[in-house]
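Worksheet: one structure, shown below.
All chains are named by letter (A, B, ...) in the order of the sequence lines, taking the proteins before the strands, and each is independently numbered beginning at 1.
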Protein chains: 2
Amino acid sequence: MKKPLYVSLANAIKNNISKHQYQTMKLPDERTLAEEFAVSRSSIKRAIQLLADQGIIFKKQGSGNFINPLFLRNKTALDYTGDNVGLTTSIVTNGKQQQIEVLNLDVVKPDAAIKENLFLTADDFVYSFKRLRKLDEVPILIEQSYIPVKVFPQLSKKLLEHSLFNYLEDQENTIINRAYLDVTTEPSSVEDQDLLHLKTTEPVGIMAGIFFVDDGTPFEYSSMRLHYRYLNFSTFVNLGK
Amino acid sequence: MKKPLYVSLANAIKNNISKHQYQTMKLPDERTLAEEFAVSRSSIKRAIQLLADQGIIFKKQGSGNFINPLFLRNKTALDYTGDNVGLTTSIVTNGKQQQIEVLNLDVVKPDAAIKENLFLTADDFVYSFKRLRKLDEVPILIEQSYIPVKVFPQLSKKLLEHSLFNYLEDQENTIINRAYLDVTTEPSSVEDQDLLHLKTTEPVGIMAGIFFVDDGTPFEYSSMRLHYRYLNFSTFVNLGK
DNA sequence: CAGTGGTCTAGACCACCAA
DNA sequence: TGGTGGTCTAGACCACTGT
């Protein structure tokens, strides 16, 4: 589990920025940095690319690399770790305890939309299940999911009572680490209001999408209806090079 | 405006995928591709990295590069062009005509939050303005924005009647191409219901954030309240390498 | 024009995966 | 253990920015 050089370099540069090592909002140029750290310019470039992907710095060809002022002010919002891709999509948990209530589990014939989303042929069956997630016993999210029987036949109600993805990673050596997600919002339905304790005027946020195993196999189609206070989606949009 | 080699390579590979040139969900290995296209392996690697960033393929060390089945089925959702960063954040326009109505424009002393978001000192004034945007005369979003007077003193009501960012790019050679955005949802206020023609049970989507010039200068803080049908945020989450 | 980031190569060697 | 992707180097040359 050795970290690549460029990750260490990126961390070193990040530290220097945090400690206001650089007097201006501009980093030293890449050739100078390469000399200072005694590495090739390519490695510096890779490190800087990483920082740019994380929104910590902005690159501007011909002019230099610039520190994102947001990073200086509010490090936590940008302090990514490990494999993060520069996008934070999260249910605001604040370290509270999570509970899962399994509302139902069935095997059904998928309708056309589900079939298309999971790339199934006519004969495939899917598990269909609904779960209610809570934080410190406060309900925050209704999840309706579909998983093809053939990709995970051993699914059971017992397994659903805890995080499926953690189980897969720990017990089955299968990592679900890609997803295509669609975020929208809608007025709450009667069921939403009931389960999530919402007033009629209060909406739900919806996150729906396909989750993939890392070799591209579609694993699950899921539609999550969130209590509106728990939908929060932060991201950098970075159209610069 | 010559395209780099790796962009052309990425397009070529993308075309081959679209034309089902590769029989399986797996791409040929990088060394083979390098030979076929008669370029260095580094260039192939860069091209494949680009496709991975766009969510078109998944990489898996030690195993190979895999085609995202979503790309084969629904090319448009993934068919990024040019400088796109793998994130589609858009108001669904469908080619309709956009109108802008300027509701007000003032110069004010910023409150603490605005000051913090725009990195201002005590003495700085800001322009505060509210605009209503419509598509084919249907109102879809209310925008409340703040721009420091010192970074764009020539702001006027006339300028606000059209896209400010386009004006900056065309006339001032200033490009706003980075943003930190926060997406949430809320019940609609009375003003929302009035301006956006919403029922009391219908919510607004909120996109709020800071927009940066590409050298890192914070340019604008903006909070946009969208008619809920027009909030749609699609993205790939890719935690694989 | 000087400064600075972007692209590209050729090749060595490392790390992970599946059989 | 062979196949395949990941990291890294050293250096040439290109492209953009601002004075």
Return the nearest nucleotide to the side chain of [X]; candidates are [options].
X       : options               : value
A/Lys45 : D/dG5, C/dT4, C/dT7   : C/dT7
B/Ser40 : C/dA10, C/dG6, D/dT7  : C/dA10
B/Ser42 : D/dG11, C/dG11, D/dT7 : C/dG11
A/Leu5  : D/dG11, D/dC8, C/dG5  : D/dC8
B/Pro4  : D/dG5, C/dT7, C/dG6   : C/dT7

All N/O pairs under 3.5 Å across the protein-nucleotides 17-19 of chain D interface:
unit_1: D/dT17; atom_1: O3'; unit_2: A/Ser63; atom_2: OG; d: 3.1

Quiz prompt | Phosphate-side-chain proximity, B/Asn65 and D/dT4, N/O vs OP1/OP2 below 4.0 Å | solution =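 So the side chain of B/Asn65 is outside the cut-off, no N or O lying under 4.0 Å from OP1 or OP2 of D/dT4.
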Quiz item: What residues form a ring-ring contact (aromatic ring centres under 6.0 Å, His included) with A/Tyr221, not counting sequence neighbours?
Solution: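 A/Tyr221 satisfies ring-ring contact (aromatic ring centres under 6.0 Å, His included) with no residue once adjacent residues are dropped.
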Self-check item: Set of residues satisfying ring-ring contact (aromatic ring centres under 6.0 Å, His included) with respect to B/Phe129, sequence neighbours excluded
Solution: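 Scan of B/Phe129 (ring-ring contact (aromatic ring centres under 6.0 Å, His included), adjacent residues dropped) gives none.
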Self-check item: Contacts of A/Ile67 that satisfy side-chain contact (heavy atoms from CB on, under 4.5 Å) - sequence neighbours left out
Solution: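 Expected list: A/Ile17, A/Met25, A/Leu27, A/Leu72.
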Practice problem: Just jot down the side-chain contact (heavy atoms from CB on, under 4.5 Å) partners of A/Ser40, sequence neighbours excluded, or say none. | Solution: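 side-chain contact (heavy atoms from CB on, under 4.5 Å) check on A/Ser40 returns A/Ser42, A/Ser43.
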Quiz prompt | Nearest non-hydrogen partners of A/Pro153 and A/Tyr127, listed with the distance | solution =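 Heavy atoms only, the tightest pair is O-OH, 2.7 Å.
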Exercise. Name the residue closer to the 5' end of DNA chain D, choosing between B/Gly64 and A/Ile44 according to the nucleotide with the nearest heavy atom.
Key: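 The residue mapped nearer the 5' terminus is B/Gly64.
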Exercise. Determine which pairs satisfy salt bridge (Lys or Arg N to Asp or Glu O under 4.0 Å) with at least one residue from residues 107-122 of chain B, sequence neighbours left out, and list them in order.
Key: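 As it turns out, the salt bridge (Lys or Arg N to Asp or Glu O under 4.0 Å) pairs with a partner in residues 107-122 of chain B, which skip direct neighbours, are A/Arg73-B/Glu116.
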Quiz item: Taking atom types as they are modelled, is there a donor-acceptor pair under 3.5 Å from the base of C/dG5 to the side chain of A/Arg31?
Solution: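 Checked by distance alone, the answer is yes.
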Quiz item: Base, sugar-phosphate, or nothing for B/Arg46, non-hydrogen atoms under 4.0 angstrom?
Solution: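 If one applies the 4.0 Å heavy-atom cut-off, B/Arg46 turns out to touch the sugar-phosphate alone, with no base involved.
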